[in-house]
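First the structure, in the form of structure tokens, and then the observations on it.
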Amino acid sequence: MVNVYTCQNGVRIVYEHIPYVRSISVGIWVGAGSRFELPEENGITHFIEHMLFKGTNTRTARQIAEEFDRIGGELNAFTSKENTCYYAKVLEHHGKLAISILADMFFHSVFEKNELEKERQVVLEEILMSEDAPDDDVHERLWRAMYPNDPLGLPILGTNETLQKFDRDFILNYMDKHYFPKNVVISLAGNISKDLLLHIESLFGNFEPSEKAVPLNLSNPTFHSGRFVKERDVEQSHLAMSYPAISVKDPNYYSFITLNNIIGGNMSSRLFQEVREEKGLAYTIFSYPSCYMDVGALTIYGSTNNQQLPLLHETIIKSIEKIKKDGVTLQELYNGKEQLKASFLLNMESMTNRMSRNGKNELIFGRHLTVDEILQKIDAISLDSIQELIDKIFSVKPAVAIIGQGIKDSSK
């Protein structure tokens, strides 16, 4: 059972007690992501995520790492387009130490000048690494093609130009705007004690908002059927294409995930069978859903040798046209629903996955469905709800990004 306790200052503590495990996963979730950045701030959310590991008033970066290594714990963080999470997984008796270190990083990071310069170079290397990998770069380019006039289309990592602006004052100003009590959720899953919950409240319950704090503002961006083509000396061409889809709050959310399973979400999917098994056109071919608070996308990705790119693209389009014309079968619907239920239940066996699910649900929805309620929603998926999504999603020309050599662009 998921429980929520709200501190007097608005910080929410979400916890799921699992008494039969010996571990605890804890995460500090912040409703701050790249889509809430101003253009000149692009990349600052991710840069802050890095800098919180670089030392506090009482711990150096090395000491933070050594304390977690000493207890055999895991410490990490990530930034997405809509939120940031700093998380740890430790044995149950190290729970207090883990959350104390996380709180120290969260409240007392010093953002020392030399560390800022070193981490600026680290993030730049991360950007260059992404640009060097065409299978990563093509997805970044695709989002820019989809949303050229909105921060949702900008890279989470930022750019070399924006990185150069980030100093201590810049960081603190951004944190004042987005790191405030009502925008923070502490999520825990595992063998949790009441004493640990009281300890967390003592660490976060006196957190006060800045006068600069700004409420969440969704931009409801407009999808563009944009196109990006980049010539590059590579052995394989990389094709990514996206159709506008639904938000994570849409009533048809589980139908959308099931539709993705049918189209390209696994080895029995249409795209995998048609592109790889029947025609041998590609080693890698798949689709995946992206759902945000107000918009979403269904993305298809494949890579093949440069000469076969037009045929790969043609095969994908024909597969989409067929599903638009004929819909899906009852057997595909049944298989997709069973796959979704299995994926959900298997993920629940991980305390980190439970912590993540609860943290995101609290930030986005402010409510938590039980396992049985979710399974009921999956069972309720019908051919009609799938067809409704097919008609909606594939009524629009997709955005396309291609990276390859000697490209004959079949996306025009």
Exercise. Provide the full list of salt bridge (charged side-chain N to carboxylate O under 4.0 Å, His left out) pairs with a residue in residues 254-272, sequence neighbours left out, each pair given once.
Key: Arg270-Glu332
Self-check item: Intermediate values then yes/no, side chain to side chain contact (heavy atoms under 4.5 Å, CB included), His313 and Ile402
Solution: CA-CA 10 Å; His313 188 254; Ile402 300 172; 5.8 Å; no
Practice problem: Could you grab the distance from atom NZ of Lys96 to atom CD1 of Ile200, nearest 0.5 Å is fine? | Solution: 10.5 Å
Self-check item: Those residues that, when tested against Lys377, pass side chain to side chain contact (heavy atoms under 4.5 Å, CB included) (two or more places apart)
Solution: Tyr254, Leu369
Quiz prompt | Step-by-step side chain to side chain contact (heavy atoms under 4.5 Å, CB included) determination, Thr370 to Met1 | solution = CA-CA 8 Å; Thr370 66; Met1 180 178 178; over 6 Å; no
Exercise. Kindly write out the residues that satisfy side chain to side chain contact (heavy atoms under 4.5 Å, CB included) with Phe107, not counting sequence neighbours, or none if the list is empty.
Key: Ala103, Phe204, Phe207
Practice problem: May I ask you to check whether over 12 heavy atoms, not counting those of Glu235, lie within 6.0 Å of atom CD? | Solution: no
Quiz item: Will you find, in the side chains of Glu40 and Thr162, an N or O donor that is under 3.5 Å from an N or O acceptor?
Solution: no
Quiz item: Stepwise, does the ring pair (Phe, Tyr, Trp, His ring centres under 6.0 Å) test hold for Phe272 with Phe286?
Solution: CA-CA 7 Å; Phe272 191 94; Phe286 59 84; over 10 Å; no
Exercise. Give a yes or no on whether a salt bridge exists between Arg232 and Glu131, defined as a side-chain N under 4.0 angstrom from a carboxylate O.
Key: no
Quiz item: Can the ring centres of Tyr301 and His139 be said to be less than 6.0 Å apart?
Solution: yes
Quiz item: Who passes salt bridge (Lys or Arg N to Asp or Glu O under 4.0 Å) against Arg120, sequence neighbours left out?
Solution: Glu117
Quiz prompt | Qualifying residues under side chain to side chain contact (heavy atoms under 4.5 Å, CB included), relative to Ser255, sequence neighbours excluded | solution = Asn252, Ile381, Ser385, Ile386, Leu389
Quiz item: Given Ser287 and Asn260, is the side chain to side chain donor-acceptor pair (under 3.5 Å) satisfied, shown in steps?
Solution: CA-CA 7 Å; Ser287 66; Asn260 174 73; 2.7 Å; yes
Quiz item: Are Ile320 and Ile300 close enough, and set up right, to give a side chain to side chain contact (heavy atoms under 4.5 Å, CB included), and what steps lead you there?
Solution: CA-CA 10 Å; Ile320 296 301; Ile300 298 168; 3.9 Å; yes
Practice problem: List the steps and the verdict of ring pair (Phe, Tyr, Trp, His ring centres under 6.0 Å) for Tyr174 and Tyr179. | Solution: CA-CA 8 Å; Tyr174 181 83; Tyr179 281 52; 7.0 Å; no
Quiz item: When rounded to the nearest 0.5 angstrom, what is the spacing between CE in Met355 and CG in Asn353?
Solution: 8.5 Å
Quiz prompt | For Ser23 against Met351, the heavy-atom pair lying closest together | solution = OG-CG, 3.8 Å
Quiz item: Where do Tyr5 and Glu201 land on the side chain to side chain donor-acceptor pair (under 3.5 Å) test, with the steps shown first?
Solution: CA-CA 9 Å; Tyr5 173 76; Glu201 184 180 18; 2.8 Å; yes
Quiz item: Once you round to the nearest 0.5 Å, how far does NE2 of His238 lie from OG of Ser303?
Solution: 5.5 Å
Exercise. With side chain to side chain donor-acceptor pair (under 3.5 Å) as the test, would you mind laying out the steps for Glu16 and Asn358 before giving the verdict?
Key: CA-CA 8 Å; Glu16 186 172 11; Asn358 298 338; 2.9 Å; yes
Self-check item: Working for side chain to side chain donor-acceptor pair (under 3.5 Å), residues Ser268 and Asn266
Solution: CA-CA 6 Å; Ser268 65; Asn266 48 57; 3.0 Å; yes
Quiz item: Do the charged groups of Lys230 and Asp137 touch, with an N to O distance under 4.0 Å?
Solution: yes
Quiz item: Which residue pairs satisfy the side-chain hydrogen bond (donor to acceptor under 3.5 Å, both in side chains) criterion with at least one member in residues 106-115, sequence neighbours excluded?
Solution: Glu115-Lys118
Quiz item: Side chains of Phe36 and Leu218: closer than 4.5 Å at any heavy-atom pair?
Solution: yes
Quiz item: In chain order, what residues pass the salt bridge (Lys or Arg N to Asp or Glu O under 4.0 Å) check against Arg62, with sequence neighbours excluded?
Solution: Glu66
Quiz item: So how far is it from Ser187 OG to Trp29 CH2, rounded to the nearest 0.5 Å?
Solution: 7.5 Å
Practice problem: Please identify each residue that fulfils salt bridge (Lys or Arg N to Asp or Glu O under 4.0 Å) with Arg22, with sequence neighbours left out. | Solution: Glu92
Quiz item: Residues in side chain to side chain donor-acceptor pair (under 3.5 Å) with Thr79, at least two apart?
Solution: Glu49
Quiz item: Regarding Lys212 and Asn173, is there a side-chain donor-to-acceptor distance under 3.5 Å anywhere?
Solution: yes
Self-check item: Exam field: side chain Ser343 to backbone Gln339, donor-acceptor pair closer than 3.5 Å
Solution: no
Name every donor-acceptor pair, under 3.5 Å, that has one atom in a side chain of residues 163-170 and the other anywhere in the protein, sequence neighbours excluded.
from: Gln164; atom 1: NE2; to: Asn160; atom 2: O; distance (Å): 3.3
from: Gln164; atom 1: NE2; to: Asn160; atom 2: OD1; distance (Å): 2.9
from: Asp167; atom 1: OD1; to: Asp169; atom 2: N; distance (Å): 3.3
from: Asp167; atom 1: OD1; to: Phe170; atom 2: N; distance (Å): 2.8
from: Arg168; atom 1: NE; to: Val110; atom 2: O; distance (Å): 2.9

Quiz item: How would you list, by chain and number, every residue that makes a side chain to side chain contact (heavy atoms under 4.5 Å, CB included) with Tyr283, sequence neighbours excluded?
Solution: Arg276
Quiz prompt | CG-CG distance between Leu91 and Leu97, expressed to the nearest 0.5 angstrom | solution = 11.5 Å
Quiz item: Which residues satisfy the salt bridge (Lys or Arg N to Asp or Glu O under 4.0 Å) test with Asp391, sequence neighbours excluded?
Solution: none
Quiz item: Between Phe111 and Leu172, is a side chain to side chain contact (heavy atoms under 4.5 Å, CB included) present by the stated rule, with each step listed?
Solution: CA-CA 9 Å; Phe111 308 116; Leu172 293 176; 3.9 Å; yes
Quiz item: Should Asp104 and Arg59 count as an ion pair when the cut-off is N to O under 4.0 Å?
Solution: yes
Quiz item: If you round to the nearest 0.5 Å, how far is OG of Ser247 from CG of Asp294?
Solution: 7.0 Å
